[in-house]
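Reading through the structure tokens given below for one structure.
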There are 2 protein chains.
Amino acid sequence: MPSENGLIDATNLRLLAELVEDARISQAELGRRVGLSAPAVAERLARLEREGAIVGYRTDVSPAALGYTLAAVVRMRPAPRQIPKVADVARATPEVVECHRVTGEDCFYMKIHVRSVEHLEEVIDRFTPYGQTTTSIIQSSPVPRRGIELGPQRELA
Amino acid sequence: MPSENGLIDATNLRLLAELVEDARISQAELGRRVGLSAPAVAERLARLEREGAIVGYRTDVSPAALGYTLAAVVRMRPAPRQIPKVADVARATPEVVECHRVTGEDCFYMKIHVRSVEHLEEVIDRFTPYGQTTTSIIQSSPVPRRGIELGPQRELA
DNA sequence: CTTGAAACCGGGCGTCT
DNA sequence: AGACGCCCGGTTTCAAG
């Protein structure tokens, strides 16, 4: 993961800013917006992908439209020696949409999407054998999800 | 947000599954994969967007490539009457990439990306005037981020 | 189905090392 | 010289009426 070559110049920053908002913009349109020819855009994108700056292009699907009307944050304090097991269960549980290993008393934070409170219980019970869980139901999301700040880059050393 | 019409049939589920993995697939290619003509795909996509099942097409940019090498989960217990203020600060702070209002003792969960521990302190200090924060540094992400389960739909009522 | 536009490929030019 | 980034032509493929 290179953090410093000529990869992130002002032009690539503008390309990324456009693509973060709409991943389906054509390369020609991107070129128009940043003042570049289409092939030049293609080349820059290929490099950004190759170097790992662009991780992927994803479609955001509404959980509610699929019947997942309930979301929760679960944090977890695993029992001794059960840390790898918890990570395995999280990976194997599709309702877990995010899982982070963190410092502090609780070792994991997870975000889950479920269809009902019964479904929630069912998912939580997959983890209770391996430690102590704390569950908080998501009521609203003041910041639902967004990308990193792409505009004013501070010192890039 | 309609949860039940003919919107989510087996074909649309397959389209969504393809688009979640790569939002830049052409409509012709999508048609090839699900056994549909290109115009039919276009029509279905338009409807999925119109009905809100497709929220958007986003590009995933690596925080590390932009110099944001540190991530943390911050949970917060606001002081009395400061709940709206906390939400405002979260929205106005670009380092906050997710913020959820939840049930329980702590009222907010946030995920933030920063450049350094000094930067982390700077961001946290924007919230400390309004309540008590608990910060956990993300060490790794067993499940970095993924979409909802699209394959085996259980009961759709 | 047809048309206009877009993506891919190869070649050639200017610049900075 | 060499390497790199860009532009310009070609052809194939895609998207909208």
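These numbers come from the heavy atoms of this one structure, side chains and all, not from hydrogens, waters or symmetry mates. Note that this is a predicted model, so its numbers are computed, not measured. Chain letters run A, B, ... following the sequence lines, proteins first and then strands; every chain starts at 1.
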* Side-chain N or O of A/R24 closer than 4.0 Å to phosphate OP1/OP2 of D/dC14 -> no
* **Criterion side chain to side chain contact (heavy atoms under 4.5 Å, CB included) on A/R75 and B/D106, from CA distance to verdict** => CA-CA 12 Å; A/R75 61 178 209 263; B/D106 297 294; 4.1 Å; yes
* To do: Could you please name the option among C/dA6, D/dC6, D/dC14 that lies closest to any side-chain atom of A/S26?
  => C/dA6
* Tell me which nucleotide among D/dC6, C/dA6, D/dA15 gets nearest to the side chain of A/R32. => C/dA6
* With sugar-phosphate meaning primed atoms plus P, OP1 and OP2, does A/E43 contact a base, only sugar-phosphate, or nothing at under 4.0 Å between heavy atoms? -> base
* Approximate separation, where rounding is to 0.5 Å, of B/D88 CG and B/Q82 CD -> 10.5 Å
* Asked: How long is the line joining CG of B/L36 and P of D/dA15, in whole Å?
  -> 14 Å
* To do: Would you kindly give the CZ-to-C1' distance between A/R50 and D/dG5, to the nearest whole Å?
  => 13 Å
* Asked: Rounded to the Å, how far apart are B/Q27 CD and D/dG17 P?
  -> 12 Å
* Asked: When the distance from CG of A/L45 to C1' of C/dC8 is rounded to whole Å, what number comes out?
  -> 14 Å
* Would you indicate whether A/Q139, at its atom CD, is surrounded by more than 12 heavy atoms from other residues, nucleotides or ligands within a distance under 6.0 Å? => yes
* Expected output: side-chain A/R146 to main-chain B/V96 donor-acceptor under 3.5 Å -> yes
* To do: Test B/R145 against B/D60 for side chain to side chain contact (heavy atoms under 4.5 Å, CB included), laying out the working first.
  => CA-CA 10 Å; B/R145 178 181 290 193; B/D60 231 344; 4.1 Å; yes
* Nearest-Å distance, CG (A/D9) to P (C/dC16)? -> 16 Å
* Quick one: label A/P39 by what it contacts on the DNA or RNA (base, sugar-phosphate, nothing), any heavy atom closer than 4.0 Å. => base
* Counting heavy atoms from C-beta on, name the nucleotide in C/dA7, D/dC14, D/dC7 closest to the side chain of A/A28. => C/dA7
* Structure fact -> To the nearest angstrom, the CG-P distance between A/N12 and D/dC6 comes to 8 Å
* **Distance, rounded to the nearest Å, where B/I25 contributes CD1 and C/dA7 contributes P** => 16 Å
* Asked: If only side-chain N and O atoms of A/R47 are considered, is one of them under 4.0 Å from the OP1 or OP2 phosphate oxygen of D/dC4?
  -> no
* Minimum-distance nucleotide (side-chain atoms of A/A40 versus D/dC7, C/dC8, D/dA16) -> D/dC7
* Asked: In whole Å, what is the span from the CD atom of A/E29 to the C1' atom of C/dG4?
  -> 16 Å
